[in-house]
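Have a look at the structure below, then the notes.
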Amino acid sequence: MNNDYLDPINSLHMPELADTTFAMDFLLRAKEGVRNIAVALTESASPDVRAALRKQLMQGIAMHQEISDLMIEKKWFHPYELTEQYQLDQLSANNTIKIGKMNLFPVETNRKGMFDRTPDEH
């Protein structure tokens, strides 16, 4: 990854990186939802509310499992292989640092001549 964020070479593998990032965020949000519903369940007194929360809790657990299974299948998550997961986490951290160091607002943004064709006319 070079320092020019407008250089098309930096978009290589970006869809895959985005997919893994979105999936991990979704997994964390599902886990957070399960935790919050479990707490709400222990705080509720109404049988109807408890029944509704219990149903939502089971759905949240099922969704968390489905997301985990997808991520494991795609090799985006290694819950049983800590060395492999550590390597993925290190790669993610290093990419985050590189992106953070990029000059996202360069003085010169003209990329005329970098692409193989002219932009579509409107």
- Without swapping roles, check the side chain of T96 against the backbone of S92 for a donor-acceptor pair under 3.5 Å. yes
- Task: Show which residues join M71 in its hydrophobic cluster (side-chain heavy-atom contacts under 4.5 Å, direct or indirect), or state none.
- Result: M24, F26, L27, L28, M63, I67, I72, W76, F77
Kindly list each side-chain donor-acceptor pair under 3.5 angstrom involving residues 44-59, sequence neighbours excluded, with atom names and distances?
unit_1 : atom_1 : unit_2 : atom_2 : d
S44    : OG     : L41    : O      : 3.1
S46    : OG     : D48    : N      : 3.3
S46    : OG     : V49    : N      : 3.4
R50    : NH1    : L41    : O      : 2.8
R50    : NH1    : S44    : O      : 3.3

- Item | Pairs meeting criterion side chain to side chain donor-acceptor pair (under 3.5 Å) with involvement of residues 27-38, two or more places apart | D25-R29, R29-E32
- Message: If I compare all heavy atoms of K75 with all of L88, which pair ends up nearest, and what's the gap?
- Response: O-CD1, 3.9 Å
- Item | Partners passing side chain to side chain donor-acceptor pair (under 3.5 Å) against D89 (at least two apart in sequence or in another chain) | Q85
- Can you pull the side chain to side chain donor-acceptor pair (under 3.5 Å) pairs that have at least one residue in residues 15-24, sequence neighbours excluded? none
- Item | salt bridge (Lys or Arg N to Asp or Glu O under 4.0 Å) partners of residues 64-74, not counting sequence neighbours, each pair once | none
